[in-house]
Amino acid sequence: MLSIKRRGAARLAAAVVASGLVAAGAIATAGPAAADETTPAHGGATATLGGLKTFDQAVVHNDGGDQRVGAGLFEMAVDNGGTLQTYCIDIHNPTQQQAKYQEVPWSASSLHNNGDAGKIRWILQNSYPQVNDLAALAAKAGAGNLTEKTAAAGTQVAIWRFSDHAKVDAVDPAAEKLADYLEKSAQNVGEPKASLTLDPPAVSGKSGSKLGPVTVHTNADSVTISPAAGVPAGAKVVGKDGKPVTSATDGTQLFFDVPAGAADGSSSLTAQAATKVPVGRAFTGIGEHAKSQTQILAGSSESTVSAAATFSWKKQGAIPAITAEKNCAKGGVDVTASNKGDEAFRFQLSGKDYEIAPGKSQTVTVPVAEDQPYNITIKGEGGFKKSFSGVLDCKTAGSGGGKPSSQPSPASVGGSTGGDKGGDLAETGSSNATPMIAGIAVVLVVVGGAAVFFLRKKKTGTPAQ
């Protein structure tokens, strides 16, 4: 266990260094009245899809006929270290090669209006890989003998029956018995909490005061707090008591203390932790991979998770903070503008004029068509400009939206490993390749400007969440 914690700490340290430089680069170009395009996220884990690793066969019954597909566990490599195992919850939508994914709440995924979402989480908690005793699982299900592959297939089939309400059967008789047992036994359980978020992700206020609070929500034992480089002299991240903060726990309130007389400006902080992502968290594609098949978490090693918050301040006038959040229930993006200044904040959004009085906030839902890219821009007085972009993907493809891939995605994140993985992954198909990714990230940081440019480009490809 000690070696696992050391590996996690090493990965976390590398992530903090990298993200700190990225934040510094982003803030260096941000002024008090104008901001670069921002792509906020819920925080948590971001990962790259490696492929379908532990699987067997299933048959999907479509109106146009039957189709055999691979059914089982996918594997993802977490940015800056860690491995995730996931099941598909969007059977008719194909995966994209090396797709980038972001941890999101159910409200920002196809589960937002699915009354059976809680049953899917129950299946994840009561089947493979969370239940590794396959003999006991088979006995409960009356399934005879289960292997890792047939257990994964049976679990996936049961999930599809709730996520897509698909007509699907496992080819292997034992896997089919398991799927039937899970479907009949499933109960609704609550949505899991995020691995790490900061709420709200943007705040503002007058210089000479504490900006905030920003509340930490996490399942990690401890979170490292790192302000961006280049903050004004005397500015610091503090807690509720006004004392400087470098680490936090769940529920900690953070403030950005800006000294009186500081030039108008903005900055940010990054929260990082090493933890297991909770089973049942949804993962959606981001950037150019926004339409890649939606996934749900089945198992996690100790993984690096992160979240960021921005702070802006002025001596006087309107002092806005803008955030954006996908609202699948309303079919759009909620843009929230708050004003902590002493004058009204006037801005334009989607061709309409708005005014936020001092100390007030307002949320405007911008309609966005399903599966359509959006670029939402807020323009205010004094050259203020902020943009949010992404793709609204809130529904499963449905039986008429396409056929599931008949072949698993090619593997690309290493093979199986043995030993203690420091998490709740299945013994089959997990990978220790991700620490190498963390090492590469550190090398890129050391290289300097080119690496910072690359990472900034990568960040601006993330959709608003």
Going through the checks in order, is the side chain to side chain contact (heavy atoms under 4.5 Å, CB included) test met by Val171 and Arg68?
CA-CA 9 Å; Val171 170; Arg68 184 173 289 215; 4.0 Å; yes
4.5 Å side-chain heavy-atom contact, Ser247 and Thr224
no
Correct closest heavy-atom pair for Ser268 and Phe311 would be CA-CD1, 4.2 Å
Please evaluate residues Ile89 and Thr396 with respect to the criterion side chain to side chain contact (heavy atoms under 4.5 Å, CB included), reporting the C-alpha separation (whole Å), side-chain torsions for both, the decisive distance (0.1 Å), and the verdict.
CA-CA 8 Å; Ile89 52 172; Thr396 57; over 6 Å; no
To the nearest 0.5 Å, atom CE of Met76 lies from atom OG1 of Thr46 at 11.0 Å
Side-chain heavy atoms of Val245 within contact of Leu254, under 4.5 Å:
yes
Measure from the ring center of Phe283 to the ring center of Tyr101 and say whether it is less than 6.0 Å.
no
Backbone N or O of Gln96 within a donor-acceptor pair of the Ser292 side chain at under 3.5 Å?
yes
For a quick check under 3.5 Å, do Thr86 and Gln295 share a side-chain donor-acceptor pair by atom type?
yes
Using a 3.5 Å distance criterion without hydrogens, assess whether the side chain of Asn114 forms a donor-acceptor pair with backbone atoms of Phe162.
yes
Rounded at 0.5 Å granularity, tell me how far CD1 in Ile296 sits from CG in Leu84.
12.5 Å
To the nearest 0.5 Å, what is the distance between CD (Glu370) and OG (Ser110)?
9.0 Å
Rounded to the nearest 0.5 Å, what separates atom NZ in Lys385 from atom CD1 in Ile322?
14.5 Å
Flag the pair Val168 / His61 as yes when at least one side-chain heavy-atom distance between them is below 4.5 Å, and no otherwise.
no
Thinking salt bridges, do Arg281 and Glu103 make one under a 4.0 Å N-O criterion?
yes
Within the 4.5 Å heavy-atom criterion, are Val335 and Leu349 side-chain neighbours or not?
yes
Side chains of Lys276 and Ser301, heavy atoms from C-beta outward: is any pair under 4.5 Å?
no
Candidate pair Val279 and Gln130, rule side chain to side chain contact (heavy atoms under 4.5 Å, CB included), full reasoning:
CA-CA 9 Å; Val279 169; Gln130 291 301 305; 3.4 Å; yes
Please report the shortest heavy-atom distance between Tyr87 and Tyr128, naming the atom on each side.
OH-O, 2.8 Å
Check: Lys326 side chain, Val391 main-chain N or O, donor-acceptor pair, under 3.5 Å
yes
About how many Å separate SG of Cys88 and CZ of Phe74, when rounded to the nearest 0.5 Å?
6.0 Å
Any side-chain donor paired with an acceptor under 3.5 Å for Ser195 and Asn219?
no
Side chains of Asn62 and His92, heavy atoms from C-beta outward: is any pair under 4.5 Å?
yes
Can you give me the closest heavy-atom contact between Asp393 and Lys291, atom names plus distance?
OD1-NZ, 3.3 Å
Looking only at non-hydrogen atoms, find the nearest pair between Ser127 and Leu178 and report the distance.
OG-CD2, 4.1 Å
Kindly say whether Lys330 contributes a backbone atom to a donor-acceptor pair with the side chain of Asn327 at under 3.5 angstrom?
yes
Look only at the side chain of Gln85 and the backbone of Leu297, and say whether a donor-acceptor pair between them is shorter than 3.5 Å.
no
Dump the intermediate steps for side-chain hydrogen bond (donor to acceptor under 3.5 Å, both in side chains) on Thr365 and Asp334, then the final yes or no.
CA-CA 4 Å; Thr365 301; Asp334 285 345; 2.5 Å; yes
Regarding Thr377 and Ser387, is there a side-chain donor-to-acceptor distance under 3.5 Å anywhere?
yes
Side chain of Arg121, backbone of Gly190: donor and acceptor closer than 3.5 Å?
yes
Side-chain donor or acceptor of Asp164 paired with backbone N/O of Ile91 under 3.5 Å:
yes
I would like to know whether Lys240 and Thr252 meet side chain to side chain contact (heavy atoms under 4.5 Å, CB included); could you show each step before the answer?
CA-CA 8 Å; Lys240 203 171 183 178; Thr252 297; over 6 Å; no
For a 4.5 angstrom cut-off between non-hydrogen side-chain atoms, does His112 reach Cys394?
yes
So Ile225 and Gln272, do their side chains get closer than 4.5 Å, heavy atoms only?
no
How about CG on Asn145, more than 12 heavy atoms from neighbouring residues, nucleotides or ligands closer than 6.0 Å, or not?
no
Does Asp90 use its side chain to pair, donor to acceptor, with the backbone of Ala397 at less than 3.5 Å?
yes
Do you see a donor-acceptor pair shorter than 3.5 Å between the side chains of Asp172 and Thr150?
no
What one should report as the nearest heavy-atom pair of Gln156 and Ala71 is CG-CB, 3.9 Å
What are the two closest heavy atoms between Pro213 and Val203, and how far apart are they?
O-CG1, 4.2 Å
Backbone N/O of Trp106 and side chain of Glu191: donor-acceptor pair under 3.5 Å
yes
Exam field: side chain His289 to backbone Lys100, donor-acceptor pair closer than 3.5 Å:
yes
Arg161 with Asp169: basic N within carboxylate O range, under 4.0 Å
yes
Quick one: pull up OG1 in Thr310 and CG in Leu269 and give me the separation to the nearest 0.5 Å.
9.0 Å
